[in-house]
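Naming convention: chains lettered A, B, ... in sequence-line order (proteins, then strands); numbering from 1 in each chain.
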Amino acid sequence: MPELPEVETIAQGVNTRVRGRRIVSVFLGSKPELLKSPRNEMLRALKHHSIAQVRRVGKHIVFDLAREAETSPIAQWLVHLGMTGRLLVAQPEVPLPAHTHAVLRLDDQREIRFVDARRFGRLSVLWLGEDGMSKGFVGTGREPLTISAEEFIALFHRRKAPMKSLLLNQSLLHGVGNIYADESLFHAGIRPKRQASRLTRAELLRLRKALQTVLRKAIASGGSSVSDYVDADGVQGFFQLEHCVYLRTGEPCRACQTPIQRIVLAGRGTHYCSRCQS
DNA sequence: AATGAAACCTGACAGC
DNA sequence: TGCTGTCAGGTTTCAT
């Protein structure tokens, strides 16, 4: 479900609520495909350790785990929410939702719960070297909010795939998904199918600006709740009210009233205005 | 190397 | 009511 703004909202929310707490017990469900690291490794990394920090890297939520009374992390717990994953902080008396696959019980009794109906989510553990040997998880690509204009342009140099497909490629930029790819292309006035290598420098500069603006605004709105996205408290975002094209097939363009088109590109529903985007 | 299509799952919703 | 088909915030794998 979640893209950069939703993952950012969740990570910030979880961080505020559980930073500094100790994990006293861990439950991991029986679905093996969710665990990208061995189960015993994951239990060993989590159990009896403290949560130094929770943050977002790309679409991943990173838990920095430290020994008690120490600050430098020894391991990281990585959570990828896939399409339908949720990460909730709840009191123990609140009933476990269906499809709960992991529960971390904290020293104040509260629980961090990983819930994922479709099971496209993934959990993994990264061990950190003793003397800062490993920097830990740095993500799969460049960070869209901080990438410079020149680096952004260089990413797409000589690429012949449609621009939207490349926006979704997590080894180039990480964090952009279907909603924000469609929305940023609309705001930049670029058709999703355009070959990246045929975009002008000015268009690429416009796209970077549009992408950063739309991501920042979405974070400020707590993300987009299209079907079932909620933050760490189970609260919905409201950036879906600002969508110009995503899931608005046939509805009038907010700028020119032309009905929004839907095509399939890179296997994904793709929405654009045929008049505003050229 | 790069691109595209299919596969992995469940749930919600529209139409009959 | 219940069936079928479509669609959904993502990534990986396989074929070209």
Query raised in the report: Looking at B:dG4, B:dT10, C:dT11, which one has an atom nearest to any side-chain atom of A:R118?
Result: B:dT10

Report task. Check the distance between B:dT3's C1' and A:L172's CG and give it to me in whole angstrom. Result -> 12 Å

**Report entry** Nucleotide C:dT11, atom P - distance to CG of A:L78 in whole Å
**Finding:** 14 Å

Query raised in the report: Expressed as a whole number of Å, how far does the P atom of B:dA5 sit from that of C:dC7?
Result: 16 Å

Query raised in the report: How would you label the contact of A:Y246 with the nucleic acid (heavy atoms, under 4.0 Å): base, sugar-phosphate, or nothing?
Result: sugar-phosphate

Query - Electrostatic pair A:R56:A:E143 at N-O distance under 4.0 angstrom - result: yes

**Report entry** A:K193 NZ - B:dG4 C1' separation (whole Å)
**Finding:** 13 Å

Query raised in the report: With centres under 5.5 Å and planes under 30°, do A:F120 and B:dC8 count as stacked?
Result: yes

Query - Distance in angstrom units between A:L81 CG and B:dC8 P, rounded - result: 23 Å

Query raised in the report: If you measure from the P atom in B:dA1 to the same atom in C:dT11, how many Å do you get, rounded?
Result: 22 Å

Query raised in the report: When we call it a touch if two heavy atoms are under 4.0 Å apart, what does A:E33 touch: a base, just sugar-phosphate, or nothing?
Result: nothing

Query raised in the report: Do A:E68 side-chain atoms and A:S50 backbone N/O form a donor-acceptor pair below 3.5 Å?
Result: no

Query raised in the report: If you check the A:R119 side chain, which of B:dT3, C:dG10, B:dC9 turns out closest?
Result: B:dC9

Query raised in the report: About how many Å separate CG of A:L173 and CZ of A:F152, when rounded to the nearest 0.5 Å?
Result: 6.0 Å

**Report entry** Interatomic distance, A:I190 atom CD1 to A:L204 atom CG [nearest 0.5 angstrom]
**Finding:** 6.5 Å

**Report entry** Which nucleotide in C:dG10, B:dG4, C:dA8 has an atom nearest any side-chain atom of A:K59
**Finding:** C:dG10

Query raised in the report: Hey, does A:L168 reach any base, or is it just sugar-phosphate, or nothing, if we go heavy atoms under 4.0 Å?
Result: nothing

Requested in this report: Measure from the side chain of A:H80, starting at C-beta and using heavy atoms only, and say which of C:dA8, C:dT11, B:dA2 lies closest.
Outcome: C:dT11

Requested in this report: Determine: side-chain N/O of A:R159 to OP1/OP2 of B:dT3, distance under 4.0 Å, yes or no.
Outcome: yes

Requested in this report: Report the distance from atom SG of A:C253 to atom CD1 of A:I260, rounding to the nearest 0.5 Å.
Outcome: 4.5 Å

Query raised in the report: In terms of side-chain geometry, is the basic nitrogen of A:R268 or A:D182 positioned less than 4.0 Å from the acidic oxygen of its partner?
Result: no

Query raised in the report: Can you tell me how far P of C:dA8 sits from NE2 of A:H243, to the nearest Å?
Result: 13 Å

Query raised in the report: Within the structure, does a side-chain N or O atom of A:Q170 lie under 4.0 Å from either OP1 or OP2 of C:dT11?
Result: yes

Query raised in the report: Salt bridge or not for A:E242 and A:K217, using N-O below 4.0 Å?
Result: no

**Report entry** Phosphate OP1/OP2 of B:dA1 contacted by A:K160 side-chain N/O (<4.0 Å)
**Finding:** no

Query raised in the report: A:L173 CG to C:dG10 P: how many Å, rounded?
Result: 14 Å

Query raised in the report: Which base, if any, makes a Watson-Crick or G-U wobble pair with B:dC13, both distances under 3.5 Å?
Result: C:dG5

Query raised in the report: Taking atom P of C:dG10 as reference, at what distance in whole Å does atom CG of A:D182 sit?
Result: 10 Å

Query raised in the report: Using the ring of each side chain (for Trp, its six-membered ring), is A:H101 parallel, tilted or perpendicular to A:F114, with breaks at 30° and 60°?
Result: tilted

Query raised in the report: What nucleotide, of C:dT11, C:dG10, B:dT10, holds the atom closest to the side chain of A:H99?
Result: B:dT10

**Report entry** Nucleic acid contacts of residues 259-274 of chain A, taken as heavy-atom distances under 4.0 Å to DNA chain C
**Finding:** A:R262, A:R268

Report task. To the nearest Å, give me how far apart CG (A:L34) and C1' (C:dG10) are. Result -> 14 Å

